[in-house]
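Notes follow the structure.
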Amino acid sequence: QIEKKIAEEAKNSSKPSSSGSGKSYALTKEEKLLSGNFEKNQGRLPWPVLKGIVVGHFGIHPHPVLKHVTTNNKGIYIQTVQGSVARAVYEGEVTSCIVLGKTYAVIVQHGNYRSVYSNLKELFVKQGDKVQAKQKLGTILTETEEDNKTELYFQIYKDRNLQNPTLWLAQ
């Protein structure tokens, strides 16, 4: 559902370029600046939680139980403490708040980049809100049936292309 929304947003936010060909697209001056500044901060973005550790890494990995089966993780899972909140990693605009069963996901646009924060039980933002780096977006769900596991699922896209979030966060 998130991938579909990202593709839709990327398509809808594209603006025809001045060439008039209708095939190439251009960002506004403000979006170009935001994209460039976001890109320059690769490896230096603040974490989307105050304290946490990555417990699910980006990419293709062997299944933990089933032999000859792999999983493709399109983001990272960050384990944190109960009551933690998700925070924006960079300034931008909330373009979507998606209901995913009993949880929510928030998409924040940073020019042609987007950051996605999933597994939220409560939102502090709405579509159209401008946010700043480290601004609280929502409370992360704690799974009481799973030993109070509290995990944020975090993704970064450039246009429609997934990025490895670990490479973008400050170490």
Closest non-hydrogen contact found for Arg87 with Pro46 is NH2-CB, 4.2 Å

Query raised in the report: Hey, does Ile78 have a side-chain heavy atom less than 4.5 Å from the side chain of Ile140?
Result: no

- Message: Would you say that more than 12 heavy atoms from the other residues, nucleotides or ligands in this model lie under 6.0 Å from the CG of Asn148, or not?
- Response: yes

Is it true that Phe154 and Tyr117 have ring centroids separated by less than 6.0 Å?
yes

Which of Gln127, Glu8, Glu9 passes side-chain hydrogen bond (donor to acceptor under 3.5 Å, both in side chains) with Ser96? It is Glu9

Interatomic distance, NZ@Lys158 vs CD@Glu39, rounded to 0.5 Å, equals 4.5 Å

List the steps, then state whether side chain to side chain contact (heavy atoms under 4.5 Å, CB included) holds for Asn112 with Tyr157. CA-CA 8 Å; Asn112 64 328; Tyr157 285 82; over 6 Å; no

In short, side chain to side chain donor-acceptor pair (under 3.5 Å) pairs touching residues 46-72 with sequence neighbours left out are none

**Study point:** Donor-acceptor under 3.5 Å (Gln171 side chain, Thr166 main chain)
**Key:** yes

Just so I know, are the side chains of Lys74 and Glu3 near enough to count as touching, which here means a heavy-atom distance under 4.5 Å?
yes

*Under 4.5 Å between any side-chain heavy atoms of Ile2 and Leu100, yes or no?*
yes

Val94 side chain near Val106 side chain, heavy-atom distance below 4.5 Å:
yes

Review point. Does any N or O in the side chain of Asp129 come within less than 3.5 Å of the main-chain N or O of Lys126, such that one atom is a donor and the other an acceptor?
Key: yes

Would you indicate whether the side-chain heavy atoms of Ile107 and Val116 approach each other to under 4.5 Å?
yes

Within the 4.5 Å heavy-atom criterion, are Glu91 and Asn37 side-chain neighbours or not? no

Apart from Tyr153 itself, members of its ILVMFWY cluster (side-chain separation under 4.5 Å) are Ile53, Val55, Tyr77

Is there side-chain contact between Ile98 and Tyr104, with at least one heavy-atom pair below 4.5 Å? no

All heavy atoms of Leu45 vs all of Val89, minimum pair found to be CD2-O, 3.6 Å

For Asn164 and Phe58, indicate whether the former's side chain and the latter's backbone hold a donor-acceptor pair under 3.5 Å. no

Of all heavy-atom pairs linking Lys40 and Arg44, the shortest is O-NH2, 3.0 Å

Smallest heavy-atom separation, Ala86 atom then Leu120 atom, equals CB-CD2, 3.7 Å

Can Thr95 and Gln109 be counted as having a side-chain donor-acceptor contact under 3.5 angstrom?
no

Nearest heavy-atom contact between Val131 and Ala88 is CG2-CB, 4.1 Å

